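These notes concern the structure reproduced below.
Below, chains carry the letters A, B, ... as their sequence lines are ordered, and counting in each starts from 1. Only a predicted model underlies this, so the values are computations on that prediction, with no experimental measurement involved.
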Amino acid sequence: MAVEGIDGRGRVRRRAGMRLWLSGLWLALVALVALLAPWIAPKDPLMQDLFLGRMPPFWTPGAEPGFWLGTDSLGRDVLSRIIHGARVAMTVALVAGTITALIGATLGLMAGFLRGWVDLVISRMIDIWMAFPPVLFSILLIAVLGPGLTSIIIAIVVIDWTRFARVVRAEAMAQGAMDYVASARVAGRGRIGTMLVEIGPNVLPTIAVLLTLEMGIAVIVEAILSFVNLSISTDDPTWGGMIAEGRASVHQAWWVLVFPLVTLFLTVLAFSQLGEGLKDRFDPVLR
Amino acid sequence: MLRAVVLRLVTTAITLIGVAVIVFVVIRVVPGNPIALMLPPGATEEDVARLTALYGLDKSLPAQFLIWVQGVVQGDFGTSITARQPVLDLVLGRLPATLELSVMALVIACLLGGVAALTGTRRRDTKVEGAIDVANGMALSVPDFLWGLILILAFGVLIPVFHISGRVTPSLDLPFATNFYLFESLLRLRFDLWADIVSHMFLPALALAIPLAAIIGQLLKQSLKETMHLDYVTLSRTKGYGENHVILREALPNAVLPTLTLVGVQFTFLIGGTVIIERLFSYEGLGNMAIDAVINRDLPLIQGIVILFAVIFTAVNLIVDLTYAALNPRLRHGG
Amino acid sequence: MSFLSVENLSLRIRGDGARLLRSVTLAVRPGEVMGLVGESGAGKSMIGKAILGILPRAVELSGGRIVLEGQDLGTLPAAERRRVIGAKAALIPQDPLTALNPSRRIGPQITDRLVDILGWDRARAEARAADLLAEVQIPQPARVMRSYPHELSGGMRQRVLIASAFAAEPKLIVADEPTTALDVTVQKQILRLIRQMQERHGTALLFVTHDLGVVSKVCQNLTVLYAGAVVERATVGAFFAGPAHPYSRALLAATPKYTDPTGSLTPVPEAVVAAVRAEVVAMDEAEDG
């Protein structure tokens, strides 16, 4: 009913705007911290001191000055490890997200616009991929590729390309049926040319939204892999690795779990809210 | 109709074969020789060769695949390298634990999502609906893994009301004949055991349920609100019925159908999520076993588990389609 | 004396305050067939919705009252008001394709009001439904009651809805453009059926339509609405002999004559529209002042 939207709309828009701003602000902060990690981290994230093991955060009695968010069981500074962990998280988000988007969107565009056997092969692959439990698949891939940042990025790309391919394929099919595409073909543009020049720009907003969401997923996947101890080396600070350690000692030192968890939670939430906000803003197709 | 069924079965078969081939190839390029890991340090080259031959790992990849497929057709999924037991026995032993967890999560998700959708519809265009939308958005933005950690902190540590690891308290005496602990404890009227099992399962199930509940809540509410504008709902109001009746009897049955198909796909995501959630809560199910299998390079076991997951996924999708057909009067009567 | 009386009813859109109805007064005597005529957007459907208590959420009552058999509906608590309306009035909806719940069988959709609201026992309600279905000339009523809406044709569904409207022997039925969605051939049968049922049951009928041709066939009296205000009340005979209001005259000229559907049409002249609009604005000012 058209009349009902009248007073609702303004409120929804304003809330969406704030959501975009807050998410963007948090992600910018995390990105900045990641860039400047060596200069702003108060301690060396790898430095162990068994005499300073499991020190509580600064506001609790027994806190050790200089270790603001306490220390883990090996006496490493939690705050510094979170700051350095942001580097891994942001690298994975940007690199894995972008490559996944490029490959997935290209395959989806090809399947949706070229149709025929290309579509058949890609769609069947998507079906097969959908039958894999993604977490198990990623763990398997890491076991094959060996631990390390590159392995994680490859695993995310291999597993998540279908997220882009599915949506872009559907949208390329819808766009391909529109008149402007037909007139481009009539005007003498080739198939590949039409695909890249006419359809490509129209699916870009969708890809941007999916990319934002994918970055959040990449951060989570990295954390999960660190959690099962298959990410990068165990010493290097990652949020997932810290969480795994915190989970093990949750009854003795809650702060080892809580701080990286809160950071991870906010980051994932921010990526997701940014994606949803962008979706509302400029992409009526996904709504 | 028959054509559609056959087509469906063929694509399902292709999908499963595809999964099998990919797993087969992927796990056989795993670096590190699992055979060498199995043997004591003093083993000779011949010992390694003998065992490698025993597990058929000396043959070419296609040959190994054919042997494996032949076995699978006869119900033989090979022997676990670490546990030295048939893969099928191991996997079927763990399957009930994962099934119980998934179904419990599904029930929780339907309850939470249903209540959210109905409340949101009943109080539509008010602050209550706004609050439900915000909660749904949050629940949807954060994956089960993080919800699991948050629940561990909240209800395992801060207010310790639930167990946060294992499936049952180890010191308890279990009289069970099957691995369906939750179900069997009820049948045996052992409510003490049942309570203990639920207390172990509740948090992991809730963690799995939260994102799905949000999806159900959103889709069902949207569907309900659209239905509320339809003429038969208005007609029902003129008959003298109040809001609750109109929502529950007129709108809900029609709003559930479009939600159902989407929930099916989401339920397979939930089952996929059990892998990490079982790990997180040290719950002895398939997923936890799968991660151990990967860490131990137990190739036959990994293969068996992944295939089983793929079978479950396709089965869930099939069941959803059948349920949809059964619930929709238009399809039921061949209209 | 009148069964339904609508007194100075004003409706507006919540929030921006746009007026939908301006002080509309209307009375329907028992057994009377009253046509409510106007262009789309004139507010004629809103009157029916207000009487039946099914106004959209965005619309609010800004003045006036609705009295049903001596009971002022506005003074009743919500649940009681619904019950009274459900017992005394009924709706024949516009679109038979969307007015039956697709997931419920036909039978319960006719009997639910009798059982749940009026407290009949199920067997009696079902017998009543079967009788009514036979009365609206549906073959094999028992079979139809067991079927789902999608198994019936549009005309059949409209018959079911008519039967359902008469189920509780209401004293007033609001028919909201009941034939607009139907084929022309089916339209005639349905109109005749509504009229027959109305006469046999002695029900008052408020017939909302934009079609003066339909009014001439079905109604005794009519009320013409323009921009949410009543511009003319007349008997059908007097109206078609010579409408009093200039807008009515223009409307009549713009309607294809049922005797001569090919005849040339005259659109409502700009001048008439402007005059009526000025009249309406004067009414608003009087109300606001």
Side-chain angles (χ1 to χ4, degrees), chain A residues 1 4-5 7-8 11-12 15 19 23 123-125 127-146 158 213 216-217 220-221 223-225 227-230 240 243-244 246-247 250-251 254 257-258 260-262 264-266 268-273 275-276, chain B residues 11-12 14-19 21-23 26-32 124-125 130 133-134 137-138 140-143 145-146 149-150 152-153 156-158 160 164 229 265 268-269 271-277 279-280 286-287 290-291 294-295 297 302 305-306 309-314 317:
Chain A
M1 180 118 234
E4 287 185 347
D7 71 334
R11 219 172 39 229
V12 170
R15 200 187 298 144
R19 187 168 73 170
S23 310
S123 300
R124 197 92 340 258
M125 276 173 71
D127 279 355
I128 293 171
W129 252 249
M130 296 287 288
F132 272 105
V135 173
L136 187 52
F137 198 8
S138 61
I139 291 170
L140 197 60
L141 282 175
I142 296 296
V144 173
L145 299 166
V158 168
L213 297 174
I217 293 166
I220 273 287
V221 170
I224 286 176
L225 291 172
F227 181 81
V228 275
N229 219 343
L230 283 167
I243 286 171
R247 165 71 175 96
V250 66
H251 290 289
W254 55 264
L257 175 56
V258 168
L261 178 58
V262 169
L264 180 60
F265 183 92
L266 289 178
V268 170
L269 188 67
F271 273 123
S272 167
Q273 294 296 310
E276 297 292 327
Chain B
T11 51
T12 306
I14 294 176
T15 304
L16 289 179
I17 293 170
V19 170
V21 169
I22 289 170
V23 183
V26 164
I27 62 178
R28 268 161 184 73
V29 292
V30 174
R124 57 190 178 285
D125 306 324
D133 285 345
V134 170
M138 284 275 286
L140 208 56
S141 303
V142 179
F145 174 64
L146 287 186
L149 287 162
I150 290 164
I152 285 176
L153 274 173
V157 180
L158 206 61
I164 55 171
H229 290 302
V265 181
T268 62
F269 293 161
I271 297 173
T274 57
V275 175
I276 193 65
I277 290 296
R279 191 64 168 188
L280 192 54
L286 268 182
I291 293 178
V294 172
I295 291 172
R297 307 277 193 270
I302 296 173
I305 296 174
V306 176
F309 268 109
V311 169
I312 295 174
F313 282 17
T314 38
N317 282 322

Residue B/Thr11 versus chain A: region with a heavy atom under 4.5 Å: both
Shortest non-hydrogen contact between B/Gly137 and A/Gln273, atoms and distance: O-NE2, 3.9 Å
Heavy-atom pair of closest approach, residues A/Val268 and B/Pro143: CG1-CD, 3.8 Å
Gap separating the CG atom of A/Leu269 from the CG atom of B/Leu140, nearest 0.5 angstrom: 11.0 Å
Atom of B/Val294, atom of A/Leu140 and distance for their closest heavy-atom approach: CG2-CD1, 3.9 Å
Heavy-atom pair of closest approach, residues A/His251 and B/Gly156: CE1-O, 3.9 Å
Student check: side-chain heavy atoms of A/Val228 and B/Ile276 closer than 4.5 Å: yes
From CG (A/Leu257) to CG (B/Leu153), nearest 0.5 Å: 4.5 Å
Close side-chain approach of A/Phe227 and B/Leu280, heavy atoms under 4.5 Å: yes
Partner chain B: residue of A/Leu213, A/Ile220, A/Ile217, A/Asp127 with the largest heavy-atom pair count (under 4.5 Å): A/Ile220
OG1 on B/Thr268 to CE on A/Met130, rounded to 0.5 Å: 6.0 Å
CD1-CD1 distance between B/Ile295 and A/Ile139, expressed to the nearest 0.5 angstrom: 7.5 Å
Region of B/Ile150 that comes under 4.5 Å of a non-hydrogen atom in chain A: both
Contact class of B/Ile302 relative to chain A, heavy atoms under 4.5 angstrom: side chain
Atom group of B/Ile164 that falls short of 4.5 Å from chain A, counting heavy atoms: both
Any side-chain heavy-atom pair of A/Pro133 and B/Phe313 under 4.5 Å: yes
For A/Ser123, side chain to side chain donor-acceptor pair (under 3.5 Å) partners two or more places apart: A/Asp119, A/Arg169
Straight-line distance of A/Ile243 CD1 to B/Leu146 CG, nearest 0.5 Å: 6.5 Å
Residue pair A/Phe265 / B/Leu149, side-chain heavy-atom distance below 4.5 Å: no
Residues in salt bridge (charged side-chain N to carboxylate O under 4.0 Å, His left out) contact with B/Arg124, at least two apart in sequence or another chain: B/Glu243
Min side-chain heavy-atom separation B/Phe145-A/Val135 under 4.5 Å: no
Steps toward side chain to side chain contact (heavy atoms under 4.5 Å, CB included) verdict (B/Val23, A/Phe132): CA-CA 10 Å; B/Val23 183; A/Phe132 272 105; 3.5 Å; yes
Shortest non-hydrogen separation from A/Leu136 to B/Ala290 and the atoms involved: CD1-CB, 3.4 Å
Rounded distance [0.5 Å steps], CD1 in B/Ile14 versus CZ in A/Arg124: 5.5 Å
Side chain / backbone / both / neither for A/Met125 at chain B, heavy atoms under 4.5 Å: neither
